[in-house]
J.: 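My questions all concern the structure below.
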Amino acid sequence: MEPMMEPMKTCCFTGHRPNHLPWREDESDPLCVVCKEHLALEIERAYLAGFRRFLCGMAMGGDLLFAETVLSFGGLHPDLRLDAVIPCLDQTIDWPPEQVRRYWNILDQIPTYQQILIQAQRANGCMHRRDRYMVNQSQRIIALYDGKSRGGTQYTLHYAQKKELETVILDPYTLKLSR
């Protein structure tokens with residue numbers, strides 16, 4: 001009998017859209033720069049704890065920051081992988097052109113077998129299905145969450161806590177980290 005392969009330890013991410021981040025879309029803001037450094041530290045901590053697969057829902061704001069940060073580790077940790085969990089094919093339909101270019105730049109760096117499409121057509125609930133998929137695949141979640149905003153980030157974080165995932169929360173306003 002062959003030994004069973006242990007599943008790859010997986011960490012997912014959830015985070016606010018630009019309108020709920022203190023720097024909005026200005027990622028040169030000092031608060032954003034420090035926040036990205038904290039995200040990099042948490043990704044490195046996860047890697048050192050055995051996590052090799054990172055899931056990202058590819059939304060504007062925190063998700064794209066996270067995806068770019070994970071990809072930046074490629075030279076240092078070649079066994080680290082980023083999977084893009086895409087809720088629907090037209091996710092970027094109302095996005096500003098520079099954010100669409102950023103999205104596609106990230107996807108161009110990820111093999112197609114690591115691009116997971118939840119459903120072809122946008123429909124009610126497709127974003128939540130994406131979020132549940134990521135949580136259900138994971139043992140840890142990193143959240144860029146201010147502790148009060150309602151919406152997809154709060155939904156995903158609460159679902160992850162209900163599923164008893166290891167939880168790391170970074171408040172983008174105070175940079176307070178909680179586990």
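No hydrogens, no waters, no symmetry mates; every other heavy atom, side chains included, goes into these values.
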J.: Under 4.5 Å between side-chain heavy atoms, hopping through other hydrophobics if needed: is there a path connecting L80 to F13?
T.: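 Yes.
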
J.: Contact between V135 and L165 at the side-chain level, heavy atoms closer than 4.5 Å - yes or no?
T.: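 They are in contact (side-chain heavy atoms under 4.5 Å apart), so the answer is yes.
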
J.: If you take all heavy atoms of T10 and Q139, which pair is closest and at what distance?
T.: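 Heavy-atom minimum between the residues: N-OE1, 2.6 Å.
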
J.: Supply the atom-to-atom distance I169 CD1 to Q161 CD, rounded to the nearest 0.5 angstrom.
T.: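 That separation rounds to 5.5 Å.
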
J.: Looking at CE of M58 and CZ of F66, how far apart are the two atoms once the value is rounded to the nearest 0.5 Å?
T.: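 The distance works out to 11.5 Å.
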
J.: Taking it one step at a time, do Q99 and L64 satisfy side chain to side chain contact (heavy atoms under 4.5 Å, CB included)?
T.: CA-CA 9 Å; Q99 293 297 317; L64 297 185; 3.5 Å; yes

J.: Could you tell me whether the side chain of R122 and the main chain of A120 form a donor-acceptor pair under 3.5 Å?
T.: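 Not a single qualifying donor-acceptor pair exists.
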
J.: Does atom CD of E164 have more than 12 heavy-atom neighbours from other groups under 6.0 Å away?
T.: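 Check fails, neighbour count at 12 or below.
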
J.: Mind checking whether H77 and F73 have parallel, tilted or perpendicular rings, split at 30° and 60°?
T.: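 If you compare the ring of H77 with that of F73, the planes turn out parallel.
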
J.: Charged N to carboxylate O below 4.0 Å: is that the case for R81 and D79?
T.: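 Looking at D79 together with R81, the answer is no, because their closest N to O distance does not fall below 4.0 Å.
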
J.: Answer yes if L76 and V70 sit in the same cluster of Ile, Leu, Val, Met, Phe, Trp and Tyr residues linked by side chain heavy atoms under 4.5 Å apart, and no otherwise.
T.: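 They do share one cluster, since a chain of ILVMFWY contacts under 4.5 Å joins L76 to V70.
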
J.: Kindly compute the distance separating CG (L177) from CG (L41), expressed to the nearest 0.5 Å.
T.: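 It is 9.0 Å, given to the nearest 0.5 Å.
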
J.: Would a 4.5 Å heavy-atom cut-off, applied to side chains only, mark R53 and K9 as touching?
T.: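 No, too far: nothing below the 4.5 Å cut-off.
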
J.: What class does the angle between the rings of Y103 and W95 fall in, given that below 30° is parallel, 30 to 60° is tilted and above 60° is perpendicular?
T.: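 Correct class here is perpendicular.
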
J.: If you measure from CG on D83 to SG on C56, what distance do you get to the nearest 0.5 Å?
T.: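 Rounded to the nearest 0.5 Å, the CG-SG separation comes to 10.5 Å.
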
J.: Is it true that L170 and F51 fall in one hydrophobic cluster, defined by side-chain heavy atoms closer than 4.5 Å?
T.: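 The answer is yes; both residues are in one hydrophobic cluster.
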
J.: Ignoring hydrogens, what is the shortest heavy-atom contact between S72 and T69? Give both atom names and the distance.
T.: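 Scanning both residues completely, I find the closest heavy atoms to be OG-O, 2.6 Å.
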
J.: Would you say V33 ends up clustered with L39 if hydrophobic residues are merged whenever their side chains have heavy atoms under 4.5 Å apart, either directly or through other cluster members?
T.: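 In one cluster with L39: V33, no.
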
J.: Testing the basics here: between I106 and E68, what is the closest heavy-atom pair and its distance to 0.1 Å?
T.: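 Result for this residue pair: CD1-CG, 3.8 Å.
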
J.: Kindly indicate, with the supporting measurements, whether the criterion side chain to side chain contact (heavy atoms under 4.5 Å, CB included) is fulfilled by T153 and D146.
T.: CA-CA 10 Å; T153 301; D146 64 12; over 6 Å; no

J.: Check step by step if side chain to side chain contact (heavy atoms under 4.5 Å, CB included) holds for C35 and L144.
T.: CA-CA 9 Å; C35 187; L144 187 60; 3.4 Å; yes

J.: Tell me, which pairs form a salt bridge (Lys or Arg N to Asp or Glu O under 4.0 Å) where one or both residues lie in residues 170-179, sequence neighbours left out?
T.: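 Those involving residues 170-179 are E42-R179.
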
J.: Between E166 and I141, is there a donor-acceptor pair closer than 3.5 Å when you use the side chain of the first and the backbone of the second?
T.: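 Here the side-chain-to-backbone pair does not exist.
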
J.: Scan for salt bridge (Lys or Arg N to Asp or Glu O under 4.0 Å) pairs involving residues 25-34, sequence neighbours excluded, and state none if there are none.
T.: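 Every salt bridge (Lys or Arg N to Asp or Glu O under 4.0 Å) pair that includes a residue of residues 25-34, provided the two are not neighbours, is E27-K36, E27-R102.
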
J.: Find out whether the Lys NZ or Arg CZ of R52 is both under 6.0 angstrom from the six-membered ring centre of Y47 and within 45° of the ring's axis.
T.: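 The answer is yes, since R52 meets both limits relative to Y47.
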
J.: Can you hop from Y173 to V34 via hydrophobic side chains spaced under 4.5 Å?
T.: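 No; tracing contacts between hydrophobic side chains, which count when under 4.5 Å, never links both residues.
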
J.: Please give me the minimum heavy-atom distance between G57 and Q91, naming the atom from each residue.
T.: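 The pair with the smallest heavy-atom distance is O-NE2, 3.2 Å.
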
J.: Can you give me the closest heavy-atom contact between S149 and Q154, atom names plus distance?
T.: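 Result for this residue pair: O-CB, 3.5 Å.
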
J.: Evaluate the side-chain proximity of C88 to Q121: yes if any heavy-atom separation is below 4.5 Å, no if none is.
T.: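 Q121 does not reach C88 side chain to side chain.
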
J.: Heavy-atom count check: over 12 atoms from other residues, nucleotides or ligands less than 6.0 Å from D94 CG?
T.: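 No, CG of D94 has 12 or fewer neighbouring heavy atoms, counting only those of other groups under 6.0 Å.
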
J.: Can you tell me how far the CD1 atom of I86 sits from the SG atom of C126, to the nearest 0.5 Å?
T.: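 Rounded to the nearest 0.5 Å, the CD1-SG separation comes out at 12.0 Å.
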
J.: How does the hydrophobic cluster around L55 look, that is, which other residues are in it when side-chain heavy atoms under 4.5 Å mark a link?
T.: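 Reading the cluster by chain and number, L55 sits alongside V85, I116, I118, Y133, M134.
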
J.: After noting the C-alpha distance and the side-chain angles of Y159 and D131, does the key distance pass the side chain to side chain contact (heavy atoms under 4.5 Å, CB included) rule?
T.: CA-CA 9 Å; Y159 183 68; D131 299 338; over 6 Å; no

J.: What distance separates R132 CZ from C12 SG, expressed to the nearest 0.5 Å?
T.: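 It is 13.5 Å, given to the nearest 0.5 Å.
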
J.: In the structure I gave you, are the side-chain heavy atoms of Y145 and T14 within less than 4.5 Å of one another anywhere?
T.: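 Side-chain contact under 4.5 Å: no.
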
J.: Of all heavy-atom pairs between G61 and L21, which one has the smallest distance, and what is that distance?
T.: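 So the minimum-distance heavy-atom pair works out to CA-CD1, 4.2 Å.
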
